[in-house]
Structure formats: C-alpha cells, structure tokens
Amino acid sequence: MSNRKFHTDSRIPVKNTYEPRDLKNFSYNKDLGDPGQFPFTRGVYPTMYREHLWTMRQYTGFGSAEETNKRFKYLLSQGQTGLSTAFDLPTQLGYDSDSKRAHGEVGKVGVPICTLADMEILLQDIPLNKVSTSMTINATAPILLAMYIAVAEKQGVKQDQIRGTTQNDILKEFAARNLYIYPPKHSLRLVVDVIEYCVKNLSRWHPISISGYHIREAGADAVQEVAYALSNAQQYVDACLERGLKINDIAPSLSFFFACRNDFFEEVAKFRVARRLWARIVKDEYGGSEESCKMKFHVQTSGETLTAQQPDVNVIRVTLQALAAVLGGAQSLHTNSRDEALGLPTEESVKIALRTQQTIAYESGVTKVTDPMGGSFYLEALTNEVENKIGQEMKRVRKMGGAMIAIENGYMQGAIRDSAYKLQARIESGEETVIGVNRFIEEGKPNVNIHRIPQTAVEQQLKRIRRVKGTRDKTQVNGAIQRLQRSAKTGDNVMPAIIGAVKSYATLQEISDVLRKVFGEQSKSAMI
C-alpha cells in the first residue's frame, strides 16, 4: 500500500475512504437542516434552482463606453441574465482618462468612466428597471453608484426599482489588491455612507459585495479566503451598527463574492461552510432574524488558475469550477473565458464561457434537486473540517481586535503571501500538477486570436471628456463640489452631495480630489 499522503488545496489531510463514524458529533438539524432553513448549509432557498436558476453574469468592460455597451447587448442577446461591469484602473483609483497618471492604462482592464456622459453611453438602451447590474468598484464606488442612479432617473426609473451590486469592499483592497485611495478610517466611513444610503433609498440594491475572491486570487487558500471575508464583513457590520443602523436592515442587503478553484470537493464544502458560519454569526453575535442570516453570494471561476499555455484546457478548468459553484449553491456566477491569461476575452471566447453555464443549467441535471451532494460522507466530513479551520483563523483575527487591525498590522497580507509562496513552491517542485505548465507540456505558442483595444477607443474617450468639460455649467459644478466638501468635512452622508455633483457633470477625479483634500491619501507602502 502506498505511503503517499493526500491533502486538499488548504492542506487538510484526506483519507482513503469516509464512513458515518467520520461525522463526529454530527447533527442533521443543527449542522445541516433542510434547504432554505437555518443554518442554510444546504442552500438559502427550499427549492434552489428548481424554481429559479442562478443569475448568469459575464464580467465585461474595455476600451470605451461604446464598445462595452455593444458587448453588454451581445451577451444579453445570448441569454446572459445580469450585467457585470469591469472598470479600468484610472477609474478605480479616481483619475480621469486625461490625467497624466492615467496615461497608458485607459480602457486596458475595464471601461473608463469619467463623467455622467460616459455612464449614459455605457447603459444606453438597457432598461435599468429590468436588468440587474454588478459593478466591480471599490474606492470610487460612491461616485459610480451616483452615476448609475442619475442614469436610472433619466430613464424614469425610481431609486427603489434599480437592482444590482456595488462591490465597495475596501478592506480587501488593503489586504490583497491595493486599489485604495484614502486612509482606512475614511475609506470605511465611505463604505458605511453607501450602505446607509442604499438601506434607506435603494431597497433592491446590494451596497457591498464582501469579497473573498481577490483574497484568494492573491494567493490565499480556501480557509483564508472565507475567514478573512467573514472577518471583514463583521468589521462592516460593526461600523454600521455604530452609525445607528439596525442589523435586520443591514444584513439582508449584504452580499458576498467568492472564487472557485480546482479542488472540486473542497470548493463545494467551502461554500456550504460560508453560509453556515455567517448564519450563526448573524444570529448568535448580532441577534439577527432568520432572513438576515441568509448569505447570498456571487462566484467567479478563478482567473489565477488559467494558463497561457494550452488555453483550450481552461475551458475544462472553468467547467469544473462552475459546476462546483452551482453544487455549492451560488446565487450568481461568472465563468472566465479561455483566453483571459493572454488578454481581454474575444466575443467567441466569452460566448463559450456563457454557454458553459447554460449547459450546466439546462443539460447536466444537477438543478433537479437541492444540494445533490448533501449527505456524502466525504463532503460532510470535509465541510466540518473546513468550518473548524475557518473558525480558528477568524478567532485569531478577532483576538487582534478585528479585520481593520489585522490589516493595519500586516497580518492578513503576510498570511496570504506565505500561502501563495507555498503553493508556487509545490507547483515548481511538481508536487502540484498544472497541465501544460509542469506536465503534459507542448512546444510552441498557442494559436489564439487576442482581443486588442484600438487606440481609436482611447482617443474617443479623451475627446468626450474634453467636450464635457468645455460645455457644462461651471458655476453649477463649482457649487456641487463645494457642497460635497462641506459634507465630507462635517461627517454627513456624502451620497446626496455626490449624486448632485455627478448630475452637474463633475468628473470622477474632481469628486475624488475633493475627498483626497479632506481625507488625505493612503500611501501604498504603508499597507504592505
């Protein structure tokens, strides 16, 4: 018999077989419950996908608002059921496309949005009372949400009719992604401003999507991904309660965002654990209602697992990851395209990615029963073990004083770095196999069409911002900017002032610069 030892991606030992005795102190009612019942291990709805499929969102944004609008319409025509918007780096960092600091980055990894005019084109002919929109935006989330609200109003859509999500999770930016602008204290204040405004005015909008995804993509394992996401979530809830908001007003509006990698069973277990742990935290620590205990989450297949070598193999990786997300009970899903390790996805590639979801939904049979993997001795034992590991890591963070302090003292960043290093070492030694990279290698470059952003798209964007700046009412803009500055200084919720500013066609950078002036700007080196 082989002495080889097996582990999950999170280094949890895996036995040869599992039996009922492996489920120590296991209680069906306490640990599982029926689907749609606390602690929601088996899903947040009694029938899950038998009644309604997950929302299918393909993450899209590049070049210009015009080009991205065309891709939106193409995907909707192919059966996509919700929009998911990627913004370029200058937009995420509060710089207009004509800024010197934006040079070379305009439209490269997402769509550039500088003024309300850009947002109007991005959403042209898309009915915002019928389509939900997810926006991956954090430091400038209040501004982009304000623009979305303004476009909806121009369409005659009331604020309580629009549906969607702003990512708005700034803590994970400090921990893993580095796209922040202001110091942590002021950044957290802006997050709470958005949550408070949405709770009171946008009843169908999720004001924050608490992201384990970027933590995982930075190198964390599955345990760290959920532990740090839930720790961050507690920090946000605590800040909202300090503001005077009520748990049963906040919690139902929160959403979560997780990655899905290749360890199929661990990923399914991870999603079930995240639901169960969050339900218990909201009930036991905050006294939330059963509705408040329901965790709803979006999943994106892992971009970090995609390879430039043999890109067609990525279709298989994405299929397995998407299936794990569905079996884990996701509410919405993005499937990565096969060519994303080489560049922005082509139209053909993104259609294959969408068809992957549709094939799982309509042909695989996995949607016929809620939680079809529930009751597997291996899965239930693994779920319990993953929960135990996540709970231990969350206790470490809590002992430090919470997520903010764990980030400020570099604990989270260090743990993620260590995990990333160990994984890379296993790949380089051959302990972990990556097809096409360290095994089954093929010579030569892949013959793949790469989607490139034409320079004309950048020029079009620069012309528009110059035109807007030259034709708007400068007195109106100056008045709106002054009102925003007062709100930021006095501690009032800044959302009404930002909405007023975007309606005057103040630019993203003009608004961000006001906040930089009041709050200061966080040094990148201070958070490493």
Side-chain angles (χ1 to χ4, degrees), residues 59-72 84-119 121-122 135-141 143-144 147 167 170 172-174 176-182 214 217-218 303-304 306 308 311 336-337 339-347 349-350 445-446 448-470 505-516 521-528:
Y59 189 46
T60 302
F62 49 82
S64 67
E66 288 86 351
E67 290 300 311
T68 305
N69 177 263
K70 287 179 186 176
R71 180 64 66 87
F72 280 166
S84 181
T85 314
F87 298 96
D88 71 359
L89 289 176
T91 302
Q92 294 186 58
L93 288 169
Y95 295 109
D96 294 336
S97 298
D98 60 350
S99 167
K100 289 181 180 179
R101 300 198 71 170
H103 183 71
E105 292 293 342
V106 177
K108 288 293 177 67
V109 296
V111 61
I113 300 292
C114 302
T115 71
L116 182 56
D118 294 326
M119 187 67 86
I121 292 168
L122 179 71
M135 296 194 285
T136 302
I137 196 73
N138 298 284
T140 54
I143 305 169
L144 273 296
M147 290 182 183
Q167 190 168 107
I170 204 65
K172 68 92 175 52
E173 296 295 331
F174 288 112
R177 196 161 171 257
N178 295 329
L179 293 180
Y180 48 81
I181 302 174
Y182 319 107
H214 300 95
E217 292 290 274
E304 200 275 332
L306 302 180
N336 286 333
S337 299
D339 51 2
E340 289 189 43
L342 296 163
L344 292 168
T346 62
E347 196 170 270
S349 293
V350 79
K445 292 183 179 180
V448 178
N449 291 327
I450 297 176
H451 184 186
R452 302 187 188 280
I453 303 301
Q455 184 60 29
T456 53
V458 177
E459 292 168 358
Q460 185 179 35
Q461 173 66 14
L462 294 174
K463 284 179 182 178
R464 181 161 53 246
I465 189 170
R466 293 185 193 116
R467 185 172 62 249
V468 170
K469 285 180 176 180
Y505 289 86
T507 74
L508 174 99
Q509 184 167 344
E510 288 168 341
I511 294 169
S512 298
D513 283 349
V514 169
L515 300 178
R516 284 185 178 99
E521 194 165 5
Q522 180 67 32
S523 164
K524 299 294 185 235
S525 62
M527 301 306 300
I528 294 174

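As the structure is a prediction and not an experimental result, all values here were calculated from the model. Only this structure's heavy atoms are used, side chains among them; waters, hydrogens and symmetry mates stay out.
At a threshold of 4.5 Å between non-hydrogen side-chain atoms, the residues Thr140 and Leu508 count as touching. Proximity of Cys114 to Gln461: side-chain heavy atoms (C-beta onward) are separated by under 4.5 Å at one or more points. You'll find the side chain of Asp96 reaches within 4.5 Å of the side chain of Lys469, heavy atoms only. Looking at heavy atoms from C-beta onward, Thr85 lies in side-chain contact with Phe72 at the 4.5 angstrom threshold. A 4.5 Å side-chain heavy-atom check between Gln92 and Arg177 finds at least one atom pair inside the cut-off. The shortest distance between side-chain heavy atoms of Asp118 and Met147 does not fall below 4.5 Å. For the pair Gln522/Phe174, a side-chain contact is recorded, criterion being any heavy-atom separation below 4.5 Å from C-beta on. Tyr59 places none of its side-chain heavy atoms less than 4.5 Å from the side chain of Ser337.
With hydrogens and angles disregarded, no donor-acceptor distance shorter than 3.5 Å links the side chain of Glu304 to the backbone of Glu217. Side-chain N or O atoms of Asp88 include none that pairs as donor or acceptor with a backbone N or O of Gly110 at under 3.5 Å.
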Between Leu144 and Met119, is a side chain to side chain contact (heavy atoms under 4.5 Å, CB included) present by the stated rule, with each step listed? CA-CA 8 Å; Leu144 273 296; Met119 187 67 86; 3.5 Å; yes
Start with the C-alpha gap between Arg464 and Glu66, add the side-chain angles, then the distance that decides, and say whether salt bridge (Lys or Arg N to Asp or Glu O under 4.0 Å) holds. CA-CA 12 Å; Arg464 181 161 53 246; Glu66 288 86 351; 2.6 Å; yes
Which is it for Gln509 and Asp98 under the side-chain hydrogen bond (donor to acceptor under 3.5 Å, both in side chains) test, yes or no, and what are the steps along the way? CA-CA 10 Å; Gln509 184 167 344; Asp98 60 350; over 6 Å; no
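Glu510 contributes atom CD, which lies 12.5 Å from atom CG of Leu515 (distance to the nearest 0.5 angstrom). The structure places CG of Leu89 at 12.0 Å from CZ of Arg101, a figure rounded to the nearest 0.5 Å. Annotation: the span from Thr507 atom OG1 to Leu116 atom CG amounts to 12.0 Å, rounded to 0.5 Å. Interatomic distance, NE2 of His214 versus CG of Leu179, reported as 8.5 Å (0.5 Å rounding). One finds the OG1 atom of Thr91 at 11.0 Å from the CD atom of Glu105 (value rounded to the nearest 0.5 Å). Taking OH of Tyr182 as the start and CZ of Arg516 as the end, the distance is 5.5 Å to the nearest 0.5 Å.
Smallest separation of non-hydrogen atoms from Lys108 and Leu344: O-CD1, 3.6 Å. Between Asn138 and Glu173, the shortest heavy-atom distance links the atoms ND2-OE2, 3.0 Å. Taking each heavy atom of Leu342 and Pro311 in turn, the nearest pair found is CD1-CG, 4.3 Å. Tyr180 and Ser523 make their closest contact through OH-O, 3.6 Å (heavy atoms, listed as atom of the first residue, atom of the second, distance). The minimum heavy-atom distance between Leu462 and Ser97, with the atom names listed, is CD2-O, 3.3 Å. Across Thr68 and Phe62, no two heavy atoms sit closer than the pair OG1-O, 2.9 Å.
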